[in-house]
Protein chains: 2
Amino acid sequence: MSVTVTLMHVAREAGVSPSTVSRILNGTANVTPDKRERVEAVIQRLNFTPNVQAQALANGRSFSVGVLTQNISSPFYGETLAGIERGLEGSLYYPLVVSGHWQAEQEQQALDLLMRRRVDAMIVLGGVIEDEALQQVAERVPLVAVGRNVLGLTERCVLIDNREGIRQVVRHLAELGHREVAYISGLETQQDAVERREGFEEAMRELGLPLRPTLMRRGDYTEASGEQEASDLLRSGVPFSALVCANDQMALGARLALYRRGMRVPEDVSLTGFDDLFSSRYTTPPLTTVHQAVNELGQQAAETVLSLLAGDLPHMTPYVPRLIVRESTGPVPHPLTAGGLLMHDSS
Amino acid sequence: MSVTVTLMHVAREAGVSPSTVSRILNGTANVTPDKRERVEAVIQRLNFTPNVQAQALANGRSFSVGVLTQNISSPFYGETLAGIERGLEGSLYYPLVVSGHWQAEQEQQALDLLMRRRVDAMIVLGGVIEDEALQQVAERVPLVAVGRNVLGLTERCVLIDNREGIRQVVRHLAELGHREVAYISGLETQQDAVERREGFEEAMRELGLPLRPTLMRRGDYTEASGEQEASDLLRSGVPFSALVCANDQMALGARLALYRRGMRVPEDVSLTGFDDLFSSRYTTPPLTTVHQAVNELGQQAAETVLSLLAGDLPHMTPYVPRLIVRESTGPVPHPLTAGGLLMHDSS
DNA sequence: CTGTTAGCGCCTTCAC
DNA sequence: GTGAAGGCGCTAACAG
C-alpha cells in the first residue's frame with residue numbers, strides 16, 4: 001500500500017528538525033507559533049499519525065494495558081470489558097484483550113502474548129490459572145484482578161462478596177416462606193462458584209432451612225447446564241418451591257426447563273440468579289437476582305490500574321453486591337407437596 | 001519494576017552475537033546446534049521474550065489487525081469478536097479492538113487510534129461512519145467489512161441478505177395464517193435496519209398481506225425500545241396476531257411488554273426476531289428468528305484478512321441467513337379481532 | 001527556542 | 001555459519 005509518512009517527512013517538509021515536530025506532537029516544550037503552524041499544516045496535509053510502536057520503543061512504555069478475560073462473547077465478561085474501556089477512556093492507555101477460555105494453558109499463553117507486547121499493566125478477569133503465574137506477572141507490571149483473589153496480591157483484587165450475595169437471596173426466599181430450596185452451583189473450579197455454594201449452605205443453616213443433598217446440583221455456569229440440572233431436578237420428583245442458581249445464565253436455562261414442564265414462575269416455583277446481566281431485566285418474568293455492577297467493577301479496575309501507573313497506591317473497597325427483587329420470586333404455593341409443585345409436575 | 005531483559009542480554013550471556021540470537025528466534029538461518037542450545041538455555045533462564053514493539057518497528061509490520069466494533073458488550077458483536085479471535089488463532093496476528101458506539105466521530109477516532117498503532121489490516125463491524133473514511137483506510141491497509149456494504153469495496157464485504165431473511169419470516173407467518181402483522185424496525189441510520197424493513201414491506205406485498213402504517217413502528221435495536229414500541233402497539237388497540245422485530249434484542253423487550261399485558265406467546269401473538277443470538281434459544285418460549293451465524297461471519301472476516309495479508313485475493317460468498325422456527329410462532333388465534341387479541345387486550 | 005546526537009530492541013544485509 | 005553495521009520511527013538529553 002502507500003508509503004507511510006513519518007515524523008522525518010513532516011520535519012523536512014516543514015523545514016524544521018524532527019525534534020521540533022516531536023515537541024509539538026507531545027507538547028514537551030514551547031515552539032514558536034509560526035513553526036508550530038507550519039508543522040501542523042504539514043501534518044494535516046500529509047495525514048501524518050505518529051507510529052505508536054516507535055513511541056513505545058523510545059519511551060519504554062507501550063501505553064497499553066493487557067486484559068486477560070475468559071470469554072469475549074460472554075455477556076458477563078462483555079460488560080466488564082465495556083467498563084474497562086470506559087475506565088481507560090481519556091487516558092493515553094488502551095486495552096489489549098485476550099481470552100483464556102477458562103483453561104490454564106490458554107491463560108498462560110495469553111499472559112505471554114501480552115507480556116511480549118510489553119503491556120504497561122495487566123487486568124485479570126477470573127480464570128483458573130495458578131496464583132503463582134499471576135504473581136510472576138505482577139513482579140513486572142502493576143496487576144489488578146477482578147472477581148478473584150490472588151495470594152499475596154489481595155489488595156490489588158476487586159473482590160465481590162459472593163457469600164453475602166447469596167445470603168441475601170436465601171433470606172429473601174425465607175421471608176417469602178420458602179423452605180425447600182434447590183440450588184444449582186457453578187463450575188467449582190472457579191472460586192466464586194465455591195463461595196456462592198458455601199454461602200448458600202451457610203445461609204440455609206443459619207435460617208434453619210433444610211439442606212437436602214438431593215436438591216443440590218452442579219452446573220457449569222452455562223444456560224445449557226442450567227436447563228439440564230433443572231430438568232433433572234424436576235424429574236427426580238423431590239419437591240421444592242424455589243430454585244437458586246449460581247448465575248443468571250443458568251437461571252435462564254432453568255427457566256426453560258420449568259417452562260417445558262408447564263411450571264409457572266413464580267406461582268409454582270420461585271427462581272433466582274446471580275450477576276444481574278443486562279438481559280435479566282427482560283426475561284419472562286424479569287429475574288430476581290444479585291446485582292454485581294460488572295460494568296462498574298471493570299471501570300474500577302481500569303481506574304485502579306491508571307493510578308497504579310501514575311505511581312499512587314490506591315486501595316480497593318470490597319464490593320458488596322445487592323439483591324434486586326424482580327418478578328421471578330413470590331410466596332410459596334400453599335400446600336407445597338400437594339399444590340403448586342406436585343400438581344403441575346404430574347400434568 | 002524489574003529490568004526487562006533484551007535480546008542483547010541473551011547474546012552476551014550466551015557468548016554470541018545478537019544476530020545469532022535473532023536468527024534462532026525466527027529460524028531465519030541455520031545455527032550450530034551447540035550455540036542454539038546455549039542460547040535457548042539462556043532464554044529460558046532469563047525468561048526472555050522478544051519485544052513485539054521492536055520487532056514491529058524493524059519488520060515494518062505490527063502483526064495486529066484492527067477491529068472496529070460498535071459495542072463490545074453487545075451479545076451480537078461479542079459473538080462476532082469471538083469468531084474473529086478464532087479466525088486469527090494460530091496466525092501470528094492479533095486483534096486490537098475498539099468500540100465506535102454507533103457514533104461517526106467515535107468511529108473515526110477509533111480508526112485513527114488503530115492506524116496509529118499501525119495495524120496491518122482492518123476489520124469493520126457495522127457502524128455509521130461514511131464510506132469515504134473507510135475507503136481512506138483501505139488505501140493504506142487491507143480492509144474487510146462485516147454486515148455493511150462499503151462503496152467501492154463491495155468485494156471486501158461480508159454481507160448478509162437481510163431482505164431474504166425477513167422474507168422467510170413473513171412467509172412463515174403467512175403459512176400459519178397470519179395477516180395482521182406488526183413490525184418494529186431497528187435504528188434506520190444503519191443499513192441493515194433499512195434493508196430489513198424494506199424486505200418486510202416487500203414480502204408483505206408479495207404475499208398479498210395488508211401493510212398498515214399503524215402497525216409499523218421504529219425502535220433502535222435495544223431491548224428497551226422493543227418493549228416501548230410493543231407496548232405502544234398494544235395500547236393503540238389496532239389488532240395484530242404477529243409481531244416481527246428487526247432483531248432479537250427488541251423481540252426480547254417486546255416479549256416483556258406482551259407478558260405485562262397478559263398476552264401469551266404464541267397462543268395470542270406470534271413473535272419473531274432476527275440474529276439468533278445465543279440466548280434466544282432460552283427465551284420463554286424459545287424464539288423463532290433468523291440465524292446469522294455471527295460467529296462464523298467473524299471467523300470468515302478474519303480468514304479473509306489473513307489471506308489478503310498473505311497476498312491472495314479471496315472472494316467472499318454472500319451469506320444467506322436462514323429461518324429458525326422455534327416456539328414463539330404458531331397459528332393465528334381463531335377470530336382474530338374477537339378472540340385472541342382483543343379479548344386479552346381488554347383484560 | 002531549536003538542531004544535533006544517541007539510543008530504545010530488534011532485524012537484515014554484507015562481508016568474512 | 002556468524003559477527004558488524006545500519007536502520008525502523010520516535011524521544012530525550014545536550015549543546016547552542
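Just so it is clear: chains get the letters A, B, ... in the order the sequence lines come, proteins before strands, and each one is counted from 1.
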Please give, in whole Å, the distance from [N] [atom2] to [X] [atom1]?
X: A:His9; N: D:dC10; atom1: NE2; atom2: C1'; answer: 13 Å
X: A:Ile24; N: C:dG3; atom1: CD1; atom2: C1'; answer: 13 Å
X: B:Leu25; N: C:dT12; atom1: CG; atom2: P; answer: 11 Å
X: B:Asn51; N: D:dC8; atom1: CG; atom2: C1'; answer: 13 Å
X: A:Arg61; N: D:dG9; atom1: CZ; atom2: C1'; answer: 18 Å
X: A:Arg117; N: C:dC10; atom1: CZ; atom2: P; answer: 14 Å
X: A:Met8; N: D:dT11; atom1: CE; atom2: C1'; answer: 14 Å
X: A:Arg116; N: C:dG9; atom1: CZ; atom2: P; answer: 18 Å

For the backbone of B:Ser73 and the side chain of B:Asn71, can you confirm whether one donor and one acceptor N or O come within less than 3.5 Å of each other?
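Yes; at least one donor-acceptor contact below 3.5 Å.
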
Let me spell it out: for each of B:Gln53 and A:Val31, pick the nucleotide of DNA chain C with the closest heavy atom. Which residue's pick is nearer the 5' end?
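Comparing both residues, the 5'-ward one is A:Val31.
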
Between [Y] and [X], do the side chains contain a donor N or O and an acceptor N or O under 3.5 Å apart?
X: A:Thr20; Y: A:Ser17; value: yes
X: A:Gln299; Y: A:Arg86; value: yes
X: B:Gln108; Y: B:Asp112; value: yes
X: A:Glu79; Y: A:Asn295; value: no

Using only heavy-atom distances, decide whether a donor-acceptor pair under 3.5 angstrom links the side-chain of [X] to the base of [N].
X: A:Ser22; N: D:dA12; answer: no
X: B:Arg118; N: D:dG9; answer: no
X: B:Arg36; N: D:dG1; answer: no
X: B:Thr28; N: C:dT12; answer: no

For [N], does OP1 or OP2 lie under 4.0 Å from any side-chain N or O of [X]?
X: A:Asn26; N: D:dT11; answer: yes
X: A:Asn59; N: D:dA12; answer: yes
X: B:Lys35; N: D:dG1; answer: no

Side chain of [X] only, please: which of [options] is the nearest?
X: A:Val16; options: C:dG7, C:dG3, C:dC11; value: C:dG3
X: B:Gln55; options: C:dC10, C:dT2, D:dC10; value: C:dC10
X: A:Thr32; options: C:dC1, D:dC10, D:dG1; value: C:dC1
X: B:Asn30; options: C:dC11, D:dG1, C:dC1; value: D:dG1
X: A:Pro50; options: C:dT4, D:dC10, C:dG9; value: D:dC10
X: A:Leu57; options: D:dA12, C:dG9, C:dT2; value: C:dG9

Are more than 12 heavy atoms from other residues, nucleotides or ligands located less than 6.0 Å from atom CD of B:Gln44?
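Not buried by this count: 12 neighbours or fewer within 6.0 Å.
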
Under 4.0 Å between any heavy atoms, over every strand shown, what does [X] touch: base, sugar-phosphate, or nothing? Just pick one.
X: B:Pro18; result: nothing
X: B:Thr20; result: sugar-phosphate
X: B:Thr6; result: sugar-phosphate

